[in-house]
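Hydrogens, waters and symmetry mates play no part in the numbers below; they use all other heavy atoms, side chains included. On a predicted model such as this, the values are computed, not experimentally measured, just so you know. The first residue of the sequence shown is numbered 1, and numbering continues consecutively from there.
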Amino acid sequence: MNAPETELIFTKDGVELLRTKVPPGDYVIGREAGCTLVLPVDGVSRRHAKLFVNFDHSFIEDLGSSNGTYVADRKIAAKTRLFPNQVIRLGVVTMQHRRLKFADESDPFWSNSAVVNRYLPPEFLRERKYDIGGVIAEGGMGAIVDAQEKLLRRKVAMKVMHHSGMQENLVRFIEEAQITGQLEHPNIVPVYELGVDEQSHVFYTMKLVRGATLHDALNRIEKGDAEALEKYSLSALLTIFQKVCDALAYAHSKGVIHRDLKPANIMLGEYGEVLVMDWGLARASGRNEAAGTEPERTLVSSSRQDEGSGMMTLAGMVLGTPQYMPPEQARGETDKFDARTDIYSLGGILYHMLTLEPPISGDDVDQVIQSVADGKVAARFATEGPRRVQSAGVLRHIPGGKIPETLATITRRAMAMEQDGRYQTVKELQAAVQLFQTGPTPSAVALRRPTEEKHSAQPPPKNSHALVILLSVIILVLAGLCAKLIFDRSRMAAVPGAKP
């Protein structure tokens with residue numbers, strides 16, 4: 001296997017101190033002669049930091065230096081991953097790193113490169129457009145870093161795909177960017193660009209949202225945070241819920257199912273923004289999932305769909321967050337996934353908003369998935385209803401401290417075990433919540449089936465209009481006679497000797 005080389009350039013005040021090329025390995029950087037990379041400069045500790053260069057990425061760790069190690073102007077204490085174009089500072093010395101030579105792409109270890117070249121042809125890619133900042137969040141498949149687009153000077157969030165891992169994950173990452181980029185809606189995070197960095201890591205950039213997740217907000221409410229209780233009243237939470245539903249109704253009309261809806265994937269911006277994030281498990285079904293929308297609406301597509309594998313998800317493979325996934329997803333019944341799959345998860349989010357806890361919890365993931373598959377979540381909610389958390393005394397965000405039965409009814413229907421028992425479209429679910437927000441007591445309306453709602457919306461009989469008009473005329477005539485009688489009696493009272 002041919003190993004890639006990484007070039008390291010160390011400078012102080014713009015003057016180059018050391019330039020070297022290194023293969024994968026561990027390197028101690030410092031002032032003393034025993035270090036792998038020696039920097040004889042005041043301001044650099046004897047053993048300042050340790051650099052870990054792997055085949056597809058690099059890390060750096062401070063070794064207790066006096067002047068600190070900084071990545072993107074942030075002082076680090078633990079082992080920190082490095083990304084292309086990041087500014088790394090060792091005391092007074094600046095370090096740059098870039099990959100020079102890549103391994104043979106025919107080698108199985110680098111087979112992911114073929115996937116990148118197939119889905120992202122080199123002629124569409126441009127390099128060195130971004131200055132990379134610090135890591136915002138990181139998972140097993142990738143990381144999100146803050147970055148600045150050089151020409152526009154716009155701050156963005158960059159999601160980076162680690163080069164290592166299964167090809168299926170890489171393809172899904174590319175599809176996530178392509179699907180999200182086509183969902184242009186005020187409540188869906190906008191994607192700006194899909195590309196490949198200098199180390200052949202796939203990335204895409206999106207709007208950098210400053211704020212917190214709905215999950216964080218609900219945790220603060222549950223802990224009794226006064227600011228959160230004032231900001232996120234039940235009314236405010238239902239407004240957030242409606243915006244999330246707006247995003248999903250639009251996505252369904254474009255043929256996209258999210259499949260991983262949860263409070264942690266909903267960002268609440270500092271200025272009222274509500275954005276549905278993380279479409280990594282989204283599936284473009286190739287059909288309009290929103291009943292009643294125009295059939296000619298353009299559906300979302302992806303490179304994987306173009307190859308005839310857009311529906312490629314292994315039967316029996318459970319993907320998603322167990323606490324909010326519907327039974328058919330927990331059972332891996334991929335052929336049953338449709339808009340109602342997301343509607344169940346929306347019900348789970350509404351449940352969490354009301355009770356301040358997920359629909360189901362547990363440390364054993366397999367056991368939680370099995371409970372969901374068996375319908376124990378819906379059964380528990382149906383039997384215990386809105387009284388389940390009342391005794392805990394934590395529902396201070398709800399007037400009276402008790403969940404309204406209407407909202408409990410709406411939630412139960414959204415989380416019905418069978419798909420036919422749920423709201424059939426997001427708009428139906430929204431209408432039920434809207435009636436609670438604006439109407440008196442719409443609990444009966446929330447339970448109506450679509451046929452009943454259609455029947456109740458029929459106009460009144462034509463004869464009823466005529467009857468209303470006739471009654472109005474009679475009332476006007478009687479009012480006129482009464483006025484005339486009062487007027488005549490007053491005139492007679494004014495004439496001396498007149499008899500009434």
Just wondering, are more than 12 heavy atoms of other shown residues or ligands nearer than 6.0 Å to CZ in Arg47? no
Give a yes or no on this: more than 12 heavy atoms of other residues, nucleotides or ligands lie within 6.0 Å of atom CG of Asp364. yes
Counting only heavy atoms not in Gln367 (residues, nucleotides, ligands), do more than 12 fall under 6.0 Å from its CD? no
Could you tell me whether the side chains of Thr213 and Asp216 share a donor-acceptor contact shorter than 3.5 Å? yes
Measure across Ala33 and Val38 and return the closest heavy-atom pair with its distance rounded to 0.1 Å. O-CG2, 3.9 Å
Atom pair CD1/CG of Ile266 and Leu261 - distance to nearest 0.5 Å: 7.0 Å
Sequence neighbours excluded, the answer for ring pair (Phe, Tyr, Trp, His ring centres under 6.0 Å) partners of His215 is none
Quick one: does Gln329's side chain have a donor or acceptor within less than 3.5 Å of a partner on Arg259's backbone? yes
Separation of Met158 CE from Lys129 NZ (nearest 0.5 Å): 9.0 Å
For the backbone of Ala78 and the side chain of Thr80, can you confirm whether one donor and one acceptor N or O come within less than 3.5 Å of each other? yes
Evaluate the criterion side chain to side chain donor-acceptor pair (under 3.5 Å) for residue pair Gln370 and Asp366; output intermediate values, then yes/no. CA-CA 6 Å; Gln370 189 59 52; Asp366 292 335; over 6 Å; no
Donor-acceptor pair between Tyr204 and Glu176 side chains, under 3.5 angstrom: yes
Is there a donor in the side chain of Glu193 and an acceptor in the side chain of Tyr130, or the other way round, less than 3.5 Å apart? yes
Knowing that exactly one of Lys21, Gln96, Arg98 qualifies, which makes a side-chain hydrogen bond (donor to acceptor under 3.5 Å, both in side chains) with Glu7? Arg98
Go through Ile221 and Leu229 one step at a time and tell me if the side-chain contact (heavy atoms from CB on, under 4.5 Å) criterion holds. CA-CA 6 Å; Ile221 296 172; Leu229 285 167; 3.7 Å; yes
Gln242 (side chain) donor-acceptor with Leu238 (main chain) under 3.5 angstrom: no
When rounded to the nearest 0.5 angstrom, what distance separates OG1 in Thr36 from OH in Tyr27? 8.0 Å
Assess whether side-chain contact (heavy atoms from CB on, under 4.5 Å) is satisfied between Tyr250 and Leu183, documenting all intermediate values. CA-CA 8 Å; Tyr250 169 78; Leu183 295 177; 4.1 Å; yes
Partners of Asp131 by side-chain hydrogen bond (donor to acceptor under 3.5 Å, both in side chains), sequence neighbours excluded? none
On a heavy-atom basis, which atom in Pro322 and which in Val365 lie closest, and how many Å separate them? CG-CG1, 4.0 Å
Within 45° of the axis and under 6.0 Å from the centre of the six-membered ring of Phe52, does NZ or CZ of Lys79 qualify? yes
May I ask you to establish whether Arg210 and Tyr271 are in a cation-pi arrangement, using a distance under 6.0 Å from NZ or CZ to the six-membered ring centre and at most 45° from the ring axis? no
NZ of Lys223: more than 12 outside heavy atoms within 6.0 angstrom? no
Give a yes or no on whether the backbone of Ser66 and the side-chain of Ser45 come within a donor-acceptor separation of less than 3.5 Å. yes
Which atom of Pro326 lies closest to which atom of Thr341, heavy atoms considered: CG-CG2, 3.5 Å
Without swapping roles, check the side chain of His397 against the backbone of Leu218 for a donor-acceptor pair under 3.5 Å. no
Chi angles and distances behind the side-chain contact (heavy atoms from CB on, under 4.5 Å) call for Met325, Tyr344: CA-CA 7 Å; Met325 69 169 55; Tyr344 181 99; 6.0 Å; no
State, yes or no, whether a side-chain contact exists between Leu63 and His48 at a heavy-atom distance under 4.5 Å. no
Looking at side-chain heavy atoms only, is the closest gap between Glu328 and Arg340 below 4.5 Å? no
CG of Leu275 to CG of Asn265, rounded to nearest 0.5 Å, is 12.0 Å
Do Gln419 and Lys336 have side chains that get closer than 4.5 Å, going by heavy atoms? yes
If only atom types and distance count, is the side chain of Arg331 paired as donor or acceptor with the main-chain N or O of Glu333 below 3.5 Å? no
Closest approach of Phe173 to Val160 (non-hydrogen atoms, all atoms of both residues): CZ-C, 4.0 Å
Counting N and O atoms only, with roles assigned by atom type, does the side chain of Ser345 sit under 3.5 Å from a partner on the main chain of Tyr324, one being a donor and the other an acceptor? yes
Only one of Thr355, Val433, Leu350, Ile349 forms a side chain to side chain contact (heavy atoms under 4.5 Å, CB included) with Thr411, so which one is it? Leu350
Passes side-chain contact (heavy atoms from CB on, under 4.5 Å), Leu90 versus Ile60? Steps please. CA-CA 10 Å; Leu90 309 168; Ile60 195 166; 3.9 Å; yes
Side-chain touch Leu18/Ile9, heavy atoms, less than 4.5 angstrom: no
A side-chain contact here means heavy atoms from C-beta on lying under 4.5 Å apart; do Phe59 and Leu51 qualify? no
Do Leu346 and Cys245 come close enough that some side-chain heavy atom pair is under 4.5 Å? yes
Side-chain donor or acceptor of Asp342 paired with backbone N/O of His258 under 3.5 Å: yes
Heavy atoms from other residues, nucleotides or ligands near CG of Leu151 exceed 12 (cutoff 6.0 Å): no
Point-to-point distance, once rounded to the nearest 0.5 Å, from CG of Leu234 to CG of Leu354: 6.5 Å
Going from CG on Asp246 to NE2 on His185, what distance comes out if it is rounded to the nearest 0.5 angstrom? 5.0 Å
What is the minimum heavy-atom distance between Ile132 and Ala147, and which atoms define it? CD1-CB, 4.0 Å
Would you say Val145 and Ile136 make side-chain contact, with heavy atoms under 4.5 Å? no
Counting heavy atoms not belonging to Glu227, are there more than 12 under 6.0 Å from its CD? no
Main chain of Val274, side chain of Asn187: is a donor-acceptor contact present, judged purely on distance under 3.5 Å? yes
Salt bridge (Lys or Arg N to Asp or Glu O under 4.0 Å) pairs touching residues 60-75, sequence neighbours excluded, are Arg74-Asp146
Of all heavy-atom pairs between Ala249 and Gln430, which one has the smallest distance, and what is that distance? CB-OE1, 4.3 Å
Tell me, do Leu214 and Met267 make a side-chain contact under 4.5 Å, heavy atoms counted? no
Side chain of Thr69, backbone of Ser65: donor and acceptor closer than 3.5 Å? no
